Visitor: 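First the structure, which I've put down as structure tokens, then a few questions once you've had a look.
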Amino acid sequence: MSNTPRLPGLTLAEADHLVNTALAVGVERGFPPLAVAVLDLTGEVVVLRRGDGGMPMTSRIAVAKARTALLSLRSSGRIDLPGSIVDSIQHLYGGDFVPWAGGVLITDGDVVLGAAGASGAHALEDEEAVQTAVQRWQEDRQR
């Protein structure tokens, strides 16, 4: 057994489950192919998958939406800032700040465990897929 400390948050199995659920929600609802990412508390990718036929750029956008949720401590689509401020923040974070729907926090009560992001469909559909996955995961944990 290793003495290496572990950050609090999601396990690899939980992150896999969240990504698979979000991808399945997208397919069930007829969304275009999604890319879905789950990040840990530090903003690093735990799991990233892109559905068959998904545009390559959607992978980076999914990660950026999840990082945006972590940076702002709110869903990426709930950020309402003037363009000049968004431009400044994007510059500060190397383009990893995308204030469009599709990035959500993964929480246990009021404790942030990580974030999930999706891209590939309409932004509201991206958010619907990851939010549904997170809600189902939270409900399963309470059982």
Side-chain angles (χ1 to χ4, degrees), residues 2-51 54-143:
S2 171
N3 289 331
T4 304
R6 180 185 177 292
L7 285 171
L10 303 166
T11 65
L12 177 58
E14 290 171 318
D16 273 332
H17 178 73
L18 285 160
V19 167
N20 290 333
T21 302
L23 289 170
V25 167
V27 169
E28 290 166 8
R29 298 185 183 174
F31 299 163
L34 298 177
V36 180
V38 171
L39 280 54
D40 67 17
L41 290 172
T42 69
E44 293 301 321
V45 175
V46 177
V47 177
L48 171 62
R49 292 184 63 209
R50 187 178 69 234
M55 292 181 289
M57 69 179 168
T58 59
S59 297
R60 289 194 63 177
I61 296 169
V63 171
K65 286 180 179 183
R67 283 195 180 126
T68 300
L70 281 173
L71 291 169
S72 63
L73 296 175
R74 67 185 65 208
S75 294
S76 59
R78 295 182 185 236
I79 298 169
D80 186 25
L81 296 171
S84 59
I85 293 175
V86 169
D87 291 345
S88 296
I89 295 171
Q90 284 177 331
H91 178 74
L92 182 64
Y93 286 100
D96 268 353
F97 185 80
V98 178
W100 289 56
V104 301
L105 294 173
I106 303 167
T107 60
D108 181 9
D110 62 352
V111 176
V112 176
L113 303 176
S119 180
H122 184 281
L124 295 175
E125 294 170 334
D126 295 340
E127 184 147 340
E128 182 181 337
V130 288
Q131 187 63 52
T132 300
V134 169
Q135 286 172 343
R136 289 179 184 173
W137 176 79
Q138 289 170 331
E139 290 167 2
D140 288 346
R141 285 187 74 189
Q142 292 176 353
R143 291 183 196 154

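Just so it is clear, the values below take in all heavy atoms, side chains as well, and ignore hydrogens, waters and symmetry mates. What you are looking at is a predicted structure, and each value in this text was computed from that prediction instead of being measured.
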Visitor: What donor-acceptor contacts under 3.5 angstrom involve side-chain atoms of residues 58-67, with partners at least two apart or in another chain?
Guide:
residue, atom, partner, partner atom, Å
Thr58, OG1, Met55, O, 2.6
Ser59, OG, Arg50, NH1, 3.3
Lys65, NZ, Ala101, O, 2.9
Lys65, NZ, Ala118, O, 3.3
Lys65, NZ, Asp126, OD2, 2.8
Arg67, NE, Gly43, O, 2.6
Arg67, NH1, Asp96, OD2, 2.5
Arg67, NH2, Gly43, O, 3.0

Visitor: Name all residues meeting the side chain to side chain contact (heavy atoms under 4.5 Å, CB included) criterion together with Val112; count only those two or more places apart in sequence or in a different chain, and write none if there are none.
Guide: Leu41, Leu70, Leu73, Leu105, Thr107

Visitor: Which distance, rounded to the nearest 0.5 Å, do you find between the CD of Gln138 and the CG of Leu113?
Guide: 8.5 Å

Visitor: At what distance, to the nearest 0.5 angstrom, does CG of Asp16 lie from CZ of Arg49?
Guide: 7.5 Å

Visitor: Output yes when a side-chain donor or acceptor of Ser76 lies under 3.5 Å from a complementary backbone atom of Trp100, and no otherwise.
Guide: yes

Visitor: Between Ser119 (side chain) and Ala35 (backbone), is there a donor-acceptor pair under 3.5 Å?
Guide: no

Visitor: Over all heavy atoms of both residues, which pair between Ala37 and Val19 is shortest? Give the atoms and the distance, please.
Guide: C-CG2, 4.4 Å

Visitor: Kindly write out the residues that satisfy side chain to side chain contact (heavy atoms under 4.5 Å, CB included) with Val46, not counting sequence neighbours, or none if the list is empty.
Guide: Leu12, Ala15, Asp40

Visitor: Donor-acceptor pairs under 3.5 Å, side chain of residues 78-92 to any protein atom, not counting sequence neighbours: which ones?
Guide:
residue, atom, partner, partner atom, Å
Ser88, OG, Ser84, O, 3.1
Gln90, NE2, Phe97, O, 3.1

Visitor: Restricting to pairs with a member in residues 104-118, which pass salt bridge (Lys or Arg N to Asp or Glu O under 4.0 Å), not counting sequence neighbours?
Guide: Asp108-Arg141

Visitor: Residues two or more places apart in sequence or in another chain: which of them pass salt bridge (charged side-chain N to carboxylate O under 4.0 Å, His left out) with Asp140?
Guide: Arg143

Visitor: Would you check if Leu18 and Val134 make a side-chain contact, meaning some heavy-atom pair closer than 4.5 Å?
Guide: yes

Visitor: Does Glu14 have any side-chain hydrogen bond (donor to acceptor under 3.5 Å, both in side chains) partners at least two apart in sequence or in another chain, and if so, which?
Guide: Thr11

Visitor: Testing the basics here: between Leu34 and Gly26, what is the closest heavy-atom pair and its distance to 0.1 Å?
Guide: CD1-CA, 4.1 Å

Visitor: State, to 0.1 Å, how close Glu127 and Gly77 come at their nearest heavy-atom pair, and which atoms those are.
Guide: OE1-N, 4.1 Å

Visitor: Can you list the residues that meet the salt bridge (charged side-chain N to carboxylate O under 4.0 Å, His left out) rule with Arg29, with sequence neighbours excluded?
Guide: Glu128

Visitor: Would you call Thr21 and Trp137 a side-chain contact if the rule is heavy atoms closer than 4.5 Å?
Guide: no

